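Bear in mind the structure is a predicted one, so any value in this text is a computation, not a measurement.
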Amino acid sequence: MLHIKDLTYRIDGRLLLDGATAVVPAGKRMALFGRNGTGKSTLFRLIMGEASPEAGSISINPRAKVMAVAQEAPGGPQSLLDTVLDSHAELAALTEQIKTEQDPMKLAEAHARLGDLEAHSAPARAATILSGLGFDEEAIKRPCAEFSGGWRMRVALAAALFNKPDLLLLDEPTNYLDVEGIIWLENFLKTYPYSVFIISHDRDLLNNCVDGIIHLENQKLNTYSGGYDQFEETRRLQLERQMAFKSKQEAARRDIEAFVNRFRAKASKARQAQSRLKLLEKMKPIATETTEHTVPFRFPKAEPLAPPLIALEKVSVGYEPEKAILKDLNLYIDMEDRIGLLGQNGNGKSTFAKLLVQQLKAMDGHYKKPRSLRIGYFAQHQLDELRPNETALQHLQKLMPDVIESKVRAQLGSFGFGEDKADRPVSTFSGGEKARLLMALMSREKPHLMILDEPTNHLDVDSREALIHALNQYDGAIILITHDRHMIEACVDRLLLVENGTMARFDGDMQDYKRHLLDTRRAINAEKKAEKRDNDGPSRKELRKQAADARAQLAPLKKKVEKLEKQMIATEDRRAKVEKALAMPSLYEQQSDLNTQKITLLQQEKAKLDDELIGIEESWLEAQDELETLSAELEV
């Protein structure tokens, strides 16, 4: 599908790609992975023909339709549904053509092509995609202009998915999605029948729905099979192997140099010494790949404060009088708390954060906190509030006017801003650097509580891990709002679910939450079916026939579910044995072709079992969903 060969490209004299080569096979889902600033988005621009390489080539099947998510969010008076439908240029053109076409032959051809494009189901497919990305039935009828930039970017993503191109390019598609939207996108991509090339730093997304990873590092492209965890393990083993070979070579060089120095002047050994000198000249140093240093985050130590930091009792909050977004909020927050907020975008998570920092006042109930409480608040919209012509130092000095410059610089240094970066204008910063600056500003007063609203959107995987480490070292309270499931699992010990106009404790982990979402979606679908059935008014005879048909299907479905459960257990057991074999230290102690071959075969076997397990789990979920739906129909 896509062939990248010996590609070289520079920006302002900086080499981003140097003889890079990679392939995205037809029908495969591949991820483009690498640190921020290595040139991933630039490579997408080259693929789309928006820039030309200095050398090398990019080949795409000439009949293939290639599409990326639009960089500018759609706007205007059109509804969301019409915006998505009109994004399909051919479908829109044919729809207009049949309104005015007079030639019977051309009209017939247009109708035939519309049939090929499944035009009759296009509105339903577009609505399904918009629903999966978080828009309800009422929202999809509203104009794009009424939505914020983040929600309109979801519409742009929906348009790209609706077009079903042969090669779909996705650049950080999860940045504007909540956990629910990401889970839906994962399931969509798993069953997408064409090629996908996706830039993402979301570990769970990379583990759950890609066939391989193309790693951009040191201006080269290297391909790995499997998801992120497999890539990380393979990469680690490669680096260890390279370091071991390099150490052996350096030891051999030292031995040869010692021999030459010892016997060069001795006549009987002169020829051997010369021979070893030639060997030394031919011995090229092994080039080892070095992992770049990740700048850490260091949050200042919070002073102890007596509990509770915040107490909410029957609090309601909203933006307009008498129109509460959240009601009956009861919560106590202590210094040791690590709280994660769950819930769809629009349910009130950010509203709750604004209540805590008192950007919104409680409509009723009691909000109690000590006078000395200091709260740090990080929100993505604050990136747009940074002053582009001012430096990082100037930003912080305005907030710390009575603090000497050396201490201000020390605070910036804790977030990776050395003297060179601290004195640069913000307009030159990447998204990740701006996020780091916001964290430096947020934590300047040593907060007792930090509220982080989507802190990872512009951070690469290594920076996310550095942030996780810093949060776990921080000794104050944390409230985390994020779509990064890995970060929630690594940092949070209490989950609160915001839905249905209130907030309650969620007992379980992220897997339980995923099941909760599936159960909720099933309940909504069942409710819609029941409503449709009531509206259609089926006869009692039809209802009895439906029930009989459902009972006839229950037995084989139960057998199918049980069979798939056994397959899952057997496959998990086989995978565990392979993982145990891969973890044997003896496999890596001796560097040999045999051991290298064993490692490769075991890794291939693990990748195969991972794929099998994903397929079985998907089949089990579908069968279980169908079984539960039929059981519910029988109960009705």
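- With I198 as reference, L205 is the one residue of L205, L185, I213 to meet the side-chain contact (heavy atoms from CB on, under 4.5 Å) rule.
- For D103, the salt bridge (Lys or Arg N to Asp or Glu O under 4.0 Å) criterion is met by no residue, not counting sequence neighbours.
- Counting heavy-atom neighbours within 6.0 Å of E138 CD, excluding the residue itself, gives a total of 12 or less.
- Classification of the Y194-Y192 ring pair by plane angle, with boundaries at 30° and 60°, yields perpendicular.
- A side-chain donor-acceptor contact under 3.5 Å links H201 and N36.
- Ring geometry for H215 against F33 counts as tilted: the plane angle lies between 30° and 60°, on a 0 to 90° scale.
- Applying the side chain to side chain contact (heavy atoms under 4.5 Å, CB included) criterion to R515, with sequence neighbours excluded, gives Q511, D512.
- Residues forming a salt bridge (Lys or Arg N to Asp or Glu O under 4.0 Å) with R63 (at least two apart in sequence, or on another chain): none.
- Taking E465 as the reference, R203 meet the salt bridge (Lys or Arg N to Asp or Glu O under 4.0 Å) condition, with sequence neighbours excluded.
- In the displayed structure, K560 atom NZ is contacted under 6.0 Å by at most 12 heavy atoms of other residues, nucleotides or ligands.
- For D171 and S41, the side-chain atoms include at least one donor-acceptor pair closer than 3.5 Å.
- Residue pairs meeting the salt bridge (Lys or Arg N to Asp or Glu O under 4.0 Å) criterion with at least one partner in residues 83-92, sequence neighbours excluded, are E90-R113.
- With sequence neighbours excluded, no residue forms a salt bridge (Lys or Arg N to Asp or Glu O under 4.0 Å) with D509.
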